[in-house]
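Heavy atoms only: backbone and side chains are in, while hydrogens, waters and symmetry mates are out. Remember, predicted model here, so these are calculated numbers, not experimental data. Indexing begins at 1, ligand by ligand and atom by atom, following the structure's order.
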Amino acid sequence: MAEDAGAPKAGCLVDLKGQTALVTGASRGIGRAIAVKLAACGARVVGVARTLEAMQGTKDAILAAGGEFEGFAADVAKAEDVKRVVDEVEAKYQKIHVLVNNAGITKDGLMLRMEDDAWDQVVDVNLKGTFLWCRAVGAVMMRGRYGRIVNISSVSGIRGNPGQANYSASKAGVIGFSQTIARELASRGITVNVVAPGFITTDMTDVLPDKIKAEVKERIPLKRLGAPEDIAEMVAFFSGPASSYVTGQVVTVDGGMTV
Ligand code: NAP
C-alpha cells in the first residue's frame with residue numbers, strides 16, 4: 001500500500017515478557033496492530049471485540065509469529081461485560097500489566113441535525129467504555145502496584161472537526177479523564193497516557209471518498225496517511241518500562257498534521 005511506505009516494520013525494543021496486556025477493539029485496524037505489536041514485544045495479549053470470530057485474524061497473526069493471544073467477546077460500553085472479562089482475566093493470570101482502550105466508533109453528522117442516538121452511542125463506546133475498563137482494570141493494577149494504561153483519543157478531540165461533534169466531545173473527554181486518573185493512580189505505580197492519532201488508514205476512514213483522502217494527505221507534512229502500525233509503536237512505548245516517568249501526557253501521531 002502506497003500510504004504505508006515508511007510505516008514501522010515488525011520487531012520490538014520494548015520488553016513485555018511475562019506481562020498481560022488487554023487491548024479493546026482488537027479485531028481490526030489500529031487495535032489489531034497494537035495487539036500484534038504488544039505480542040511481538042512478548043506480552044500475552046487479551047483482546048476484546050464484540051465477537052470472537054472478528055478477532056480470528058488477529059489471533060492467527062499473533063500465533064503465527066509465536067505469540068500468545070486470547071480473545072473475549074464483549075461490548076466495551078456494558079459494565080456487566082467489562083466485569084465478566086476482567087474477573088476472568090484476573091482469575092486466570094492474576095495481573096493485568098497493560099490496558100489499551102482502543103475500541104471506538106464514529107456516527108458523523110452536523111450538530112444541528114444530530115440525533116440523540118448518534119450522540120449517546122458514540123459517547124458510550126468511546127468515553128464511557130474507556131471509563132469502565134479503566135475502573136475495572138485499574139483496581140487490578142492497584143493490587144499489583146503496577147500498570148500502564150494507554151487511551152486512544154484523536155486529533156478531533158484536540159482541535160475539533162466539523163461533522164464530528166459527538167466524536168470530538170468523546171475524544172476530548174478521554175483526554176480530561178486520562179489526565180485526572182493519571183493523578184489519581186500515580187502513587188500506585190500506574191501511568192496513564194493518551195495517543196491521539198491523525199488520519200490512519202482503517203475501516204473507520206475507508207468510508208471517506210478518495211478526493212477527501214487525497215486532500216488530507218496533501219495537508220500532512222510527512223505526505224502520507226498513517227498506518228495502524230504508526231500508532232502501535234507509540235502505544236508500545238507507553239506500555240513498557242522505559243516510559244515509567246511519563247504520565248498524563250497526550251501524544252499526537254499524525255504525520256505533523258496538527259503542527
Ligand atoms: P475500526 O477499524 O473501525 O475498528 C474499531 C474497533 O473497535 C474494532 O475492533 C471494533 O470491534 C471495536 N469496537 C467498536 N465498538 C465496540 C464495542 N461496542 N465493543 C467492543 N468493541 C468495539 O477503527 P480504527 O480506525 O482502528 O480506530 C481505533 C481507535 O482509534 C478508535 O478509538 C478511533 O476513534 C481511534 N482513531 C482512529 C483514527 C483513524 O484515522 N482511523 C483517527 C483517530 C483516532 P468489532 O466491530 O469487531 O466488535
Next item on the list: Examine distances only and state if a side-chain atom of Ser27 and a backbone atom of Ala49 form a donor-acceptor pair shorter than 3.5 Å.
Entry: no
Next item on the list: Taking only heavy atoms of the protein into account, state which residues are under 4.0 angstrom from an atom of ligand 1, in chain and number order.
Entry: Gly25, Ala26, Ser27, Arg28, Gly29, Ile30, Ala49, Arg50, Ala54, Ala74, Asp75, Val76, Asn102, Ala103, Gly104, Ile105, Val125, Ile152, Ser153, Ser154, Tyr167, Lys171, Pro197, Gly198, Phe199, Ile200, Thr202, Asp203, Met204, Thr205
Checklist line | Partner residues of Ala136 under the side-chain contact (heavy atoms from CB on, under 4.5 Å) criterion, sequence neighbours left out | finding: Val82, Val86
Margin query: Please give the remaining members of the hydrophobic cluster of Ile175, linking ILVMFWY side chains under 4.5 Å, ordered by chain and number.
Written below: Ile158, Val194, Val250
Next item on the list: For Lys83, check salt bridge (Lys or Arg N to Asp or Glu O under 4.0 Å) against everything at least two apart and list the hits.
Entry: Asp87
Next item on the list: Using only heavy-atom distances, determine whether the side chains of Ser239 and Arg148 contain a donor-acceptor pair under 3.5 Å.
Entry: no
Check: Are any of the side-chain nitrogens in Arg159 or Asp254 under 4.0 Å away from the carboxylate oxygens of its partner?
Finding: no
